[in-house]
Amino acid sequence: MTADAAARRDEGAGRLGERVWTYQGAVSRRPLTVLVPLVIVFIVMCTIADDHYDEGSFRLALWAIPLAAAGCAALSVRHTRIRLHEHEHGFEFRRPGRRTLRHTWDEIASVETTKVSVRINFSHSHDVVKTVLRPYEGRPIRLRDLDYVKVRQESGFWRLATLGPVDNARPFTTRASREVAEIVAALHLEELAAGGELRWGALTFTREGLTLKPFPGLLDWSRIALVSAGPDNGVRLDVRDLSGHVGSPALKPRATRVGYSTEDDRLDVFTPVRRPGSDYAALGIVLAHGSAPVDR
């Protein structure tokens, strides 16, 4: 490592703060699912080798299977060399043969998490959680929680395969989403304090309150209360005297045509394009300030 490279590494590590946890690449299951059938086929072929070894295609297949099996094993071992270091103010992502990525939390624009339920024989087996961290600059970082293990100290392949992990990468992705949401929410609050606005589909939040397309007038912050906010169900608000503001006790999405519905004081907002979970969390923080989102 050159002196310049070492200096850049130390500078990057310094701005990240102290290391909190290490997440190590787990023994990859995908290559192993191919490796086991290859071993079985190889054993079967060895038992009939005396009768078919003179055939050129049989010899080719017989020797190709060990090479493929060795490749699968190498991929599993290589994945255990990946390191994801969680720090006080960010993280460091190291992968064999690729550039090390270092980001502070304020360099991440959003964190999106998707959970897929795996069912075997019509019963729930486990959940696969996929997370995408999108920096303001650079390519997205994609993680699967089950592909990493939370460890107290880094281990080699065989030790990692035999020891029980503390956890998977879920604590890291949860913290990343929370940290990014808090930073984004602070930026929104600063913008509102400066007289700017926050747009969320048909909703526009300002320093004074909320405007709702296409209805004129302002809904004061004191009338607004957050019920829930998330990618699955959108944003739900309780707005006092909402029916009087829109002139109807209930409006269906087809009636509004701008991405929300109302029923009495309940306002359900959805967007055609799925937004990252950290965006919803940031909006929830802004709305949680209630009647005093910014200093007036």
Side-chain angles (χ1 to χ4, degrees), residues 105-115 132-137 140 174 176-296:
W105 299 123
D106 58 3
E107 294 174 347
I108 305 299
S110 66
V111 180
E112 180 178 6
T113 299
T114 305
K115 183 168 69 173
V132 181
L133 293 87
R134 299 186 184 277
Y136 288 104
E137 297 182 2
T174 300
S177 183
R178 183 180 68 252
E179 294 281 356
V180 172
E182 291 176 353
I183 293 171
V184 172
L187 295 175
H188 288 326
L189 290 172
E190 289 179 6
E191 187 174 1
L192 293 177
E197 59 185 27
L198 169 60
R199 292 184 178 273
W200 190 281
L203 281 63
T204 301
F205 298 95
T206 64
R207 180 171 181 156
E208 289 73 26
L210 165 68
T211 57
L212 184 64
K213 290 183 180 180
F215 302 100
L218 179 72
L219 295 167
D220 188 83
W221 280 106
S222 61
R223 298 169 58 181
I224 303 169
L226 173 67
V227 177
S228 64
D232 295 331
N233 298 315
V235 179
R236 292 180 175 176
L237 305 175
D238 274 341
V239 182
R240 190 170 69 249
D241 195 27
L242 177 61
S243 58
H245 182 78
V246 301
S248 173
L251 292 176
K252 299 299 183 184
R254 183 179 298 178
T256 64
R257 298 185 180 180
V258 284
Y260 65 86
S261 62
T262 69
E263 185 174 356
D264 296 326
D265 288 348
R266 177 60 56 84
L267 175 62
D268 288 332
V269 186
F270 56 90
T271 55
V273 179
R274 182 185 177 93
R275 301 183 65 155
S278 60
D279 284 1
Y280 286 93
L283 179 64
I285 294 172
V286 173
L287 295 175
H289 284 70
S291 60
V294 292
D295 294 329
R296 301 196 178 190

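None of the values given here were measured: they were computed from a predicted structure. All values below come from the heavy atoms of this structure, side chains included, with hydrogens, waters and symmetry mates left out.
Side chains of Val235 and Leu203 form no contact here, defined as non-hydrogen atoms less than 4.5 Å apart. Taking the side chain as every heavy atom from C-beta outward, Pro135 and Ile108 approach each other to under 4.5 Å. Within the 4.5 Å cutoff, side-chain heavy atoms of Arg240 are placed close to those of Ser222. Within the 4.5 Å cutoff, side-chain heavy atoms of Leu283 are placed close to those of Leu198. Looking at heavy atoms from C-beta onward, Leu210 lies out of side-chain contact with Leu218 at the 4.5 angstrom threshold.
Atom-to-atom distance recorded for Glu197:CD and Glu191:CD is 8.0 Å, nearest 0.5 angstrom. Within the model, atoms NE2 of His245 and CG of Leu219 stand 4.0 Å from one another, a figure rounded to the nearest 0.5 Å. In this structure, the separation between OG1 on Thr262 and NZ on Lys252 is 9.0 Å, given to the nearest 0.5 Å. Note: Tyr280 OH to Ser228 OG = 10.5 Å, rounded to the nearest 0.5 Å. The line from OG of Ser177 to CG of Asp279 is 9.0 Å long, rounded to the nearest 0.5 Å. Distance check, rounded to the nearest 0.5 Å: CZ of Arg199 to OG1 of Thr204 gives 4.0 Å.
Between Pro140 and Arg134, the shortest heavy-atom distance links the atoms CG-NH1, 3.4 Å. Between His188 and Val286, the shortest heavy-atom distance links the atoms CB-CG2, 3.9 Å. The two atoms that bring Ala181 and Ala282 nearest to each other are O-CB, 3.5 Å, heavy atoms only. Nearest heavy-atom pair across Asp220 and Ile224 is O-CG1, 3.6 Å. Smallest separation of non-hydrogen atoms from Leu192 and Phe205: CD2-O, 3.4 Å. For the pair Asp106 and Tyr136, the tightest heavy-atom approach, listed with the atom from each and the gap, is O-CE1, 3.5 Å.
A donor-acceptor contact shorter than 3.5 Å is absent between the side chain of Arg236 and the backbone of Asp268. A donor-acceptor pair under 3.5 Å links the side-chain atoms of Tyr260 to the main chain of Lys213, judged by distance alone. No side-chain donor-acceptor contact under 3.5 Å links Trp221 to the backbone of Leu287.
The only option from Thr113, Leu133, Val111 that meets the side chain to side chain contact (heavy atoms under 4.5 Å, CB included) definition with Ser278 turns out to be Val111. The side chain to side chain contact (heavy atoms under 4.5 Å, CB included) test with Arg266 singles out one residue from Val239, Leu242, Val227, Leu237, and that residue is Val227.
Under a cut-off of 6.0 angstrom, the local environment of CD in Glu182 is crowded, with over 12 non-hydrogen atoms contributed by other residues, nucleotides or ligands.
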